[in-house]
Participant: 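Encoded as structure tokens, here's the structure I'll be asking about.
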Amino acid sequence: MNNILYSCCISEHVHTVCMNPHHHSSPVCLSVYLWCNQLQRCRPEAAPVEFGDYHPLKPIMVTDTKTRRGTRKGSTSSSSSSSSSVPPDPLSSMLDGTDPLSMFAAASASETPDLGRKRKEKEEEVVGPDFEPWSAKRGEILARFTTTEKLSIVSRKAPSPGSSAVSEKVRTRLEELDDLEEGSQRELLNLSQQDYANRIEELNQSLKEAWASDQKVKALKIVIQCSKLLSDTSVIQFYPSKFVLITDILDTFGRLVYDRIWTMCLDPRPLPDSFTAEDVNDTAKETCLNWFFKIASIRELLPRLYVEAAILKCNRFLNRSGIQETLPRLTAMIRGIGDPLVAAYARAYLCRVGMEVAPHRKDSLNRNFFDLLSTFKQISGDSVQKQLVVQRVEVPEYLTLYSPAINWILQCIAYRAPEPLLTEMMERCKKLGNNALLLNSVMRAFRPEFVAARATDFIGMIKDCDEAGFPKHLLFGSLGRSLACADPPEIERLTILNEAWKVITKVRSPQDYINCAEIWVEFTCRHFTKREINTVLADIIKHMTPDRAFEDAYPQLQSVIRKILTYVHDFSVLFSMERFLPFLDMFQKDSVRVEVCRSIMEVFIKHQVELTKDPVILNAMLHICKTMHDSVNALTLEDEKRSLSLLIIGFIRMVSFGRDFEQQLSFCVEARATFCNLEPVLVQLIHTVNQLAMETRRVMRGSHSRKTAAFVRACAAYSYITIPSLSSIFTRLSLYLLSGQVALANQCLSQADAFLKAAVSILPEVPRSISVEGKLRSSESFLLDFINNFLATLLVVPDHPEHGVLYLVRGLLNMVQDYTWEDNSDAKVRVYVSALPLLAAMSQETYIYSISKVDSNETLYGGDPKFLSELNRLCETLIGQILDHLKTLGGDEHSTRRQGTLAFSLFGVLLAHGDLRNNKLSQLAVNLWNLSHKHGYCDTRVSVRTLEYIKHQAQQPDMTHLSDTAQRLALQSRT
């Protein structure tokens, strides 16, 4: 193949090699393999490579020399000389000391400690975080450059040199190298793209495993095998992705070699981060040299080039100038690669490793770039054109294959480059006839602010580009990316947009159109009003609606929405655009449509600060929220339901009609019908209506009382109708109680009575266990909390004249009595204990709290003896039930502890609410005290404080009877 150059190793006697200069279709390059002991005896001085007239394909003069074994290091004498013209050879200058092996040896000998310290210069410079790494581009390349063609991994063997060229010893060595290069690789044909990638990954893993098992030769075989694959362009569309996959292996190999040598430098002490060659021990240097010698023995140019570039960083172990001398040499070697695409990616890889080890070496980057420019004329040559015809690849598609390589090289050159460099690059583009491929890469590589300042100039250059070679909409796309990050001069912005859109709107392919339009949407949103944005949206709809082209462009259309939402936070402006909602209608796929609606809602909740009643916003947001709600089905996960509900709730909370309470209630009615499948939203609506009722009472106090009462009753009816649709029993109970309290606060007694009765009626439905955060838990604690809150409310609820005295209290206690509690549970008795303070409070002449304008039982009964007698009978019944339960406890430790706890609770209630002047009640209190302390399970600290409290209260004039009680209470300990 014409892109591969072969070399042969030469023994200590170097003979004149003459090749036919006309045989450029199969160029041959020379490589020198000198053994370590020979290098110790012969160390010619290294000479830098001059680029002025140097080119591997130019005829050169080679002089045959022989080394005298008896001379000192570096001294040679010529026994004969002859001149001839030879074919291209990147290493043809080896005989004057510039071959890689001689350079390694010479550099290691000539480098001195003083010189090493003086050469600090800028080598410590490193690439900063503002440089986009190769890893960030890797995924994009793999996703972009794909193929459905079948791929192959095929071994190729380099031709053996003629016997006249080398000695028998060298020929034997080369045969060993053939074995080294071929290894155990076998042909793999008809692989799919995924199979190919998997095979490359297997080779990567094999490399690591071989290295870990100390099979360094096998590891090198694998790297050579993979490097050879980069010469294959039989499936040219896949080449950029192939380059990514194979250079991953090269990177792995480079790291392994470097780390290996680094670990050898730990003796006698670890190397500092800024080490020099003087800090490296001889063993590590020798190992490092050996690796370079092995690589220099690789016969084919391409694998030798890639593998040496992979371990370029290891030059640090040998001498400080190794990297800066190797980079120009490798750059020159690439000139011997005949295929321009293969050469472009080889240059990209060299620039990549160069940026890692010597980012300050801009001269090497520039040389690679200029060499790349010189290969552009090859694209129109017969060789490339025939290849494109065979593979049925159009020129524009072929040119895009260069983009990753050129973009990377230019990114390296443009990194922290001054602004005048962009001007120079623009001039070079003009000299090349505004080469579109190069112009595209220039715009993507340089800082956006530099490009934005010259946007008008770039537009002029784009106009002059040949449309056939590289589509102009791609160039405008690259320009748009820069303008999305930096602002052009204000006076030029409208002109720039008009010129760009003239080209974009003429793009026929819907996919190409939307790819470019999506980029320029951001520029439009940054600098223009809703009028221009609406025009852009209309144009997108016009292009993407025919043949339902939008179905293949959902990611780009979503990006358009995101960019609009980034810059337009005034939703009255957003929804007043005529084409915005029609644009949303293009999202026909359910999952995508919901995702778009979700993104709109998130921005609304984040940026909508003020409450709104704007009908434009409300109608649009209701439509968007309904879209999200309607996506819910039986298969929707709970987390998804919860997420959607939170977004809709956020919208509902931002709606306010001020004092137009009826309009607010109408909105809630409409929302209930719209979002009936999302319980959290319904719960929020009930809370909103209850707040609305309370706000009405506050604002309308003293005026229009009938109208206010009617409105509050309407709110109560809303809640009463909505609550039964909820599935959570505790949510229903809490909302019934809340709505009853709101109705009571608004003097709507019949509505309050209905809510409270409804709550009591569903108590039997409470399950014994409920799911809390995915785990089953007993419902008793939740039920007890609700009942306690319910009992506290009953104090201010007047009895219904048609249902008898304390009908709600009796109804609740009957439900508690009939409820199926857990086995060995004290919950029912705890409810009885909690009911005693309520009954005690009801017996007072004046209740401890009340509701304005609501007559509680204190007013209705006014201390009626019959009412008090009913309270006493009910208290006796409850106490009797509690004492009966206490008698059933005891026997084991757990039961005894429960008995003591309940006894002490009842003692506390009697102490706080009972009249202990009654001898029976006082004796009961003492018995309960003794029972709670009988087995020593009562908290001693609580008991002590309780006793102190009783003694303190006994000092009050009307509480002297407590002295006798206190004397009868003894602290007992567990025996």
Participant: Do Ser643 and Arg598 pass the side chain to side chain donor-acceptor pair (under 3.5 Å) test, and can you show the C-alpha distance, the side-chain angles, and the key distance before you say yes or no?
Facilitator: CA-CA 9 Å; Ser643 176; Arg598 182 196 296 272; 2.6 Å; yes
Participant: Does Glu578 have more than 12 heavy atoms from other residues, nucleotides or ligands lying within 6.0 Å of its CD?
Facilitator: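 12 or below, so no.
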Participant: Ring centroids only, cut at 6.0 angstrom: are Trp408 and Phe369 within range, meaning strictly under it?
Facilitator: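 Not under 6.0 Å, so no.
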Participant: Salt bridge check, Glu356 against Lys313: does any charged N sit closer than 4.0 Å to a carboxylate O?
Facilitator: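 No salt bridge links Lys313 with Glu356.
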Participant: Could you check whether atom CG of Asp547 has more than 12 heavy atoms from other residues, nucleotides or ligands sitting under 6.0 Å from it?
Facilitator: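 Check fails, neighbour count at 12 or below.
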Participant: Are Gln588 and Arg548 side-chain neighbours, meaning at least one heavy-atom pair lies under 4.5 Å?
Facilitator: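 The answer is yes, as the side chains (C-beta and beyond) meet within the 4.5 Å cut-off.
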Participant: How far does CG of Leu330 sit from CD1 of Ile323, to the nearest 0.5 angstrom?
Facilitator: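 Here the rounded value is 11.0 Å.
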Participant: Keeping to residues at least two apart or across chains, list the salt bridge (Lys or Arg N to Asp or Glu O under 4.0 Å) pairs with something in residues 504-525.
Facilitator: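 Of all non-adjacent pairs touching residues 504-525, those that pass salt bridge (Lys or Arg N to Asp or Glu O under 4.0 Å) are Glu518-Lys563.
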Participant: Is there side-chain contact between Phe458 and Leu483, with at least one heavy-atom pair below 4.5 Å?
Facilitator: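 Contact flag for Phe458/Leu483 side chains = no.
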Participant: Does either side chain, that of Arg444 or that of Ser403, offer a donor lying less than 3.5 Å from an acceptor on the other one?
Facilitator: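 Note: Arg444 and Ser403 side chains miss the donor-acceptor criterion.
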Participant: Taking the side chain from Thr505 and the backbone from Lys502, do they hold a donor-acceptor pair closer than 3.5 Å?
Facilitator: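 A pair under 3.5 Å: no.
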Participant: Could you check whether Glu140 pairs with Lys137 (Lys NZ or Arg NE/NH1/NH2 to Asp/Glu carboxylate O, under 4.0 Å)?
Facilitator: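 Judged by the 4.0 Å cut-off on N to carboxylate O distance, Glu140 and Lys137 do not form a salt bridge.
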Participant: Output all residues satisfying side-chain contact (heavy atoms from CB on, under 4.5 Å) with Thr495, sequence neighbours left out; order by chain, then residue number.
Facilitator: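 Here the qualifying residues are Glu499.
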Participant: Could you tell me whether Arg329 and Glu308 make a salt bridge, using a distance below 4.0 angstrom between a side-chain N and a carboxylate O?
Facilitator: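 Salt bridge between Arg329 and Glu308, a charged N being under 4.0 Å from a carboxylate O: yes.
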Participant: Donor-acceptor pair, distance only, cut-off 3.5 Å: does the side chain of Lys472 make one with the backbone of Asp464?
Facilitator: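 The answer is no, because no donor-acceptor pair under 3.5 Å joins these two groups.
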Participant: Start with the C-alpha gap between Gln556 and Ser559, add the side-chain angles, then the distance that decides, and say whether side chain to side chain donor-acceptor pair (under 3.5 Å) holds.
Facilitator: CA-CA 5 Å; Gln556 294 87 342; Ser559 178; over 6 Å; no
Participant: What orientation do Phe587 and Tyr554 show, parallel under 30°, tilted 30 to 60°, or perpendicular over 60°?
Facilitator: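 Aromatic pair Phe587/Tyr554 classed parallel.
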Participant: Evaluate the side-chain proximity of Tyr567 to Ile533: yes if any heavy-atom separation is below 4.5 Å, no if none is.
Facilitator: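 Sidechains of Tyr567 and Ile533: no contact.
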Participant: Would you say the side chain of Leu557 lies within less than 4.5 Å of the side chain of Phe583, judging by non-hydrogen atoms?
Facilitator: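 In contact.
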Participant: So Ile334 and Asp371, do their side chains get closer than 4.5 Å, heavy atoms only?
Facilitator: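 A side-chain contact under 4.5 Å is absent here.
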Participant: Output the distance between atom CE (Met355) and atom CG (Leu365), rounded to the nearest 0.5 Å.
Facilitator: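 That separation rounds to 6.5 Å.
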Participant: Please confirm whether the backbone N or O of Leu312 pairs with a side-chain atom of Thr326, one donor and one acceptor, at under 3.5 Å?
Facilitator: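 Such a contact is absent between Thr326 side chain and Leu312 backbone.
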Participant: Quick one: sort the Tyr402 and Tyr398 rings into parallel, tilted or perpendicular, breaks at 30° and 60°.
Facilitator: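 Answer is perpendicular, since the angle exceeds 60°.
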Participant: One thing to verify: whether Arg454 and Glu419 come together as a salt bridge, which I'm taking to mean a side-chain N less than 4.0 angstrom from a carboxylate O.
Facilitator: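 A salt bridge links Glu419 with Arg454.
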Participant: Starting from the C-alpha separation in whole Å, work towards a yes-or-no answer on side chain to side chain contact (heavy atoms under 4.5 Å, CB included) for Ile504 and Tyr513.
Facilitator: CA-CA 6 Å; Ile504 296 171; Tyr513 168 83; 3.8 Å; yes
Participant: Find the distance between CD1 (Ile249) and CG (Asn204) and round it off to the nearest 0.5 Å.
Facilitator: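 Answer rounded to 0.5 Å: 5.0 Å.
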Participant: Quick one: does Trp520's side chain have a donor or acceptor within less than 3.5 Å of a partner on Val536's backbone?
Facilitator: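 Not a single qualifying donor-acceptor pair exists.
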Participant: Is the backbone of Thr535 close enough, under 3.5 Å, to the side chain of Asp539 for a donor and an acceptor to pair up by distance?
Facilitator: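 Such a contact is absent between Asp539 side chain and Thr535 backbone.
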Participant: Look at the aromatic rings of Tyr306 and Tyr349 and report parallel, tilted or perpendicular, splitting at 30° and 60°.
Facilitator: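 Because their plane-to-plane angle lies in the 30° to 60° range, the rings of Tyr306 and Tyr349 count as tilted.
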Participant: Do Val353 and Leu250 come close enough that some side-chain heavy atom pair is under 4.5 Å?
Facilitator: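 No, side chains not in contact.
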Participant: Establish, yes or no, whether a centroid distance under 6.0 Å links the rings of Phe275 and Trp262.
Facilitator: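 Ring centres of Trp262 and Phe275 closer than 6.0 Å.
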Participant: Please confirm whether the backbone N or O of Ile519 pairs with a side-chain atom of Arg481, one donor and one acceptor, at under 3.5 Å?
Facilitator: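 No; judged by distance alone, with no hydrogens or angles, the pair does not exist.
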Participant: Within the side chain of Glu602, is there an N or O that forms a donor-acceptor pair under 3.5 Å with the backbone of Ser599?
Facilitator: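 No; zero donor-acceptor contacts below 3.5 Å.
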Participant: I'd like to know if the side chain of Gln378 and the backbone of Gly338 have a donor-acceptor N/O pair within less than 3.5 Å.
Facilitator: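 Yes.
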Participant: Do the side chain of Gln391 and the main chain of Ile236 share a donor and acceptor less than 3.5 angstrom apart?
Facilitator: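 Judged by distance alone, yes, a pair lies under 3.5 Å.
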Participant: Say whether, by atom type as modelled, one donor and one acceptor occur between the side chain of Gln385 and the main chain of Gln387 under 3.5 angstrom.
Facilitator: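 Here the side-chain-to-backbone pair does not exist.
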Participant: Check each of Ile624, Ile561, Leu565 against Val596 using the side-chain contact (heavy atoms from CB on, under 4.5 Å) test, and report the only one that passes.
Facilitator: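 It is Ile561; the other options fail the test.
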Participant: Is the terminal nitrogen or CZ of Arg316 (NZ for Lys, CZ for Arg) located under 6.0 angstrom from the six-membered ring centre of Tyr258 and within 45° of that ring's axis?
Facilitator: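 No, Arg316 does not lie over the aromatic ring of Tyr258.
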Participant: Hey, mind stepping through Tyr345 and Leu230 against side chain to side chain contact (heavy atoms under 4.5 Å, CB included) and telling me if it holds?
Facilitator: CA-CA 9 Å; Tyr345 278 92; Leu230 289 173; over 6 Å; no
